[in-house]
2 protein chains.
Amino acid sequence: MMTVHEVSKLTGVSIRALQYYDKIGLLSPAEKTDAGYRLYDDAALERLQQILLFRELEFPLKDIREIIESPFFDRKKALQQQIELLTLKKKHLEDLITFARGIKLTGVKNMDFSAFDTKKIDEYTENAKKQWGASPEFKEFEKKSENWTDESKKAVYDSFIQLFADFGKIKDSDPSSPEAQQKVKDLQAFISKNFYKCSDEVLFGLGKMYAAGGEFTENIDSYGGSGTAEFVHQAITVYCGKQMK
Amino acid sequence: MMTVHEVSKLTGVSIRALQYYDKIGLLSPAEKTDAGYRLYDDAALERLQQILLFRELEFPLKDIREIIESPFFDRKKALQQQIELLTLKKKHLEDLITFARGIKLTGVKNMDFSAFDTKKIDEYTENAKKQWGASPEFKEFEKKSENWTDESKKAVYDSFIQLFADFGKIKDSDPSSPEAQQKVKDLQAFISKNFYKCSDEVLFGLGKMYAAGGEFTENIDSYGGSGTAEFVHQAITVYCGKQMK
DNA sequence: TGTTGACTCTGACGTTGCGTAATAGTTTAG
DNA sequence: CTAAACTATTACGCAACGTCAGAGTCAACA
């Protein structure tokens, strides 16, 4: 059992922050002494590790709490996402360094601000949150799935996989073909019915995520064959382009 | 001349932020129309670039303003420091990635929080601020140097360089020797007299900065020969160790 | 046993860097 | 000439703590 002071020294988190985390229900101590002193055990420290990783990624504390308390939370999966996000951030810093070096050497006043662009990171972060508990979509999904049996769960996921397998069959054709577009429509309807309301915007976001080169891409390609994820992405882009404009 | 909207689109900075920057005097538009609309020119954009670089490094906006408005501000030097800080941050992210990978693979509950440690970055940041305008030390220095002539300036800097050259002469001896310790005392007195009050703590911070491997190290070594900066660092450490405990 | 010094608690208020209306004037395209 | 798109200025809100203030606790030493 460690006191706040000890935890603070070990982790670098201020005492005030620990008290605050306790207050907002993000990290409670294992127990309290009669005098009200906080005492932390190893489990609490482990949780703190998780919290700090998310904090490095600038997740709001509220989201962090929802995420690690979600019944769907899977630490390994979360770690994988965290690694991917950290890698994206690293790349961002590398871009900035390159940018700064460029100015320093040439002194060029190039009105280029692309190095400051964080869209990709933000999008990926958004999608990560959708997977866990910190989005309205997820909350809707949580409700819908409340009274699912193990069987219906499996049935739904099998159908889901089947959809991607179908995409895989036509992945070498034109993404704007009627069949492909119909499949996109099916996908949107399926998600809306079984998971959460899948607006065109949400669908567009999903498409990007599918092709982002992470775990999603791998999974989808494993169901439909290499290149399927990218094909789905393109088909969705075409679909949303038609719908939205 | 660009409107807020255009600047926002180009740079990714929100309109609200631009208005805010104007309000706090961090970034004013080149001019305003009769109706009060903000119009930015290229100079403003250039300044915005600087601001964004500092913002990426999490400098408070107030500090950023003081820094880029300091009469001592040198853009090239600032860029160099920014690059070094960005590199440090990148390394920090790499540590975190390594850490996360370690947990993921082994599942080990290692109560190791060193990857979250930002002390080095913070120290370097502090020192960077001391060089520019955002520290009490610097403000004191600014006052003292107000009525310096070019000659007295040169004299002071020559003496300063001489101090390091002296360190260089004994850099292969023991840092805790009386001579070395005396030199440290001289250095502290010199800084206090000519720049700003150099407490033991400040001195200790300087020592670290000297040996951090950046521009300072290079300069010092160029005056006293390779290894001088590290020697000074060690001598200061010994000196402060004695004084402070 | 008393006292000192280091720790800790709980409020309560302050701060930074904007987001988010609310309300109102401005400019531009058709 | 009107609607759509922009912009301005208050003003309030929020996250994640920092920073007192006032008060209780604990370990150790005298």
Side-chain angles (χ1 to χ4, degrees), chain A residues 1-40 44 48 50-68 116 118 122 125-126 129 134 136 245, chain B residues 1-40 44 48 50-68 116 118 122 125-126 129 134 136 245:
Chain A
M1 289 299 191
M2 307 177 69
T3 68
V4 270
H5 187 94
E6 289 162 343
V7 174
S8 177
K9 279 224 154 177
L10 175 64
T11 65
V13 178
S14 78
I15 293 180
R16 187 62 181 79
L18 289 172
Q19 292 170 341
Y20 180 66
Y21 292 170
D22 186 10
K23 192 177 193 174
I24 64 172
L26 176 59
L27 177 69
S28 315
E31 64 175 300
K32 282 191 169 189
T33 69
D34 294 350
Y37 284 29
R38 275 164 260 260
L39 292 177
Y40 296 84
L48 184 52
Q50 274 298 316
I51 293 171
L52 290 182
L53 270 177
F54 279 116
R55 201 181 62 166
E56 288 281 344
L57 296 167
E58 289 156 294
F59 278 48
L61 299 187
K62 203 185 290 184
D63 290 359
I64 299 181
R65 199 190 51 183
E66 287 183 5
I67 289 173
I68 61 186
F116 296 105
T118 58
D122 295 345
T125 304
E126 272 308 297
K129 284 183 185 173
K245 205 48 207 290
Chain B
M1 288 297 192
M2 307 177 70
T3 68
V4 271
H5 188 97
E6 288 163 344
V7 174
S8 177
K9 279 224 154 179
L10 175 64
T11 66
V13 178
S14 77
I15 293 180
R16 186 62 181 79
L18 288 171
Q19 292 170 342
Y20 180 66
Y21 292 170
D22 185 10
K23 191 176 194 175
I24 65 172
L26 175 60
L27 177 69
S28 315
E31 63 175 300
K32 282 192 171 190
T33 69
D34 294 350
Y37 283 28
R38 277 163 258 260
L39 292 178
Y40 297 84
L48 185 51
Q50 274 298 316
I51 292 171
L52 291 182
L53 270 177
F54 279 117
R55 201 182 61 167
E56 287 281 345
L57 297 167
E58 288 154 297
F59 279 49
L61 299 186
K62 203 184 290 184
D63 289 359
I64 298 180
R65 198 191 52 183
E66 288 183 3
I67 289 173
I68 61 187
F116 296 105
T118 58
D122 295 344
T125 305
E126 272 309 297
K129 285 183 185 172
K245 205 45 208 287

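Protein chains get the first letters and strands the later ones, always in sequence-line order, with residue 1 at the start of each.
Counting heavy atoms from C-beta on, the side chains of B/L27 and B/Y40 come closer than 4.5 Å. Between A/L39 and A/T33, some side-chain heavy-atom pair lies under the 4.5 Å cut-off. With contacts defined as side-chain heavy-atom distances shorter than 4.5 Å, the pair A/S8/A/V13 does not qualify.
For the pair B/H5 NE2 and C/dT28 P, the computed distance is 14 Å after rounding to whole Å. Remark: P of C/dT27 and CD of B/E6 are 15 Å apart, rounded to the nearest angstrom. The OH atom of B/Y40 sits 10 Å away from the P atom of D/dT7 (whole-angstrom rounding). Going from atom CD of B/E58 over to atom P of C/dG17 covers 11 Å, rounded to whole Å. When the C1' atom of C/dC7 is taken as reference, atom CE of A/M1 falls 19 Å away, rounded to whole Å. Between A/L26 atom CG and D/dA16 atom C1' the separation is 11 Å, expressed in whole Å. Rounded to whole angstrom, the span from the CG atom of A/L27 across to the P atom of D/dA16 amounts to 15 Å. Here C/dG11 presents its C1' atom at 15 Å from CG of A/D22, a figure rounded to the nearest Å.
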Inset, instruction - Take nucleotides 18-26 of chain C nucleotide by nucleotide from the 5' end and write B, S or -, depending on whether a protein heavy atom sits under 4.0 Å from the base, only from the sugar-phosphate, or from neither. - result: BBB----BB
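Put simply, A/T3 has no side-chain N or O that comes within less than 4.0 Å of OP1 or OP2 on C/dC7. For the OP1/OP2 pair of C/dC9 and a distance below 4.0 Å, the side-chain nitrogens and oxygens of A/R38 include at least one atom meeting the criterion. The side chain of B/Q19 contributes no N or O atom lying less than 4.0 Å from OP1 or OP2 of D/dT7.
Mapped onto DNA chain C by nearest heavy atom, B/F59 and B/D34 fall at different nucleotides, with B/F59 at the one closer to the 5' end.
Closest heavy-atom contact between B/Y20 and B/L61: CE2-CD1, 3.8 Å. Considering all non-hydrogen atoms of both residues, B/R65 and B/G25 come closest at CD-O, 3.2 Å. For the pair B/R55 and B/I64, the tightest heavy-atom approach, listed with the atom from each and the gap, is N-CD1, 3.9 Å.
The side chain of A/K62 has D/dA15 as its nearest neighbour among D/dA15, C/dT8, D/dT9.
Residue pairs meeting the salt bridge (Lys or Arg N to Asp or Glu O under 4.0 Å) criterion with at least one partner in residues 6-18 of chain B, sequence neighbours excluded, do not occur; the list is empty.
A/K32 comes within contact range of the sugar-phosphate backbone alone, with a heavy-atom separation under 4.0 Å but no base atom that close.
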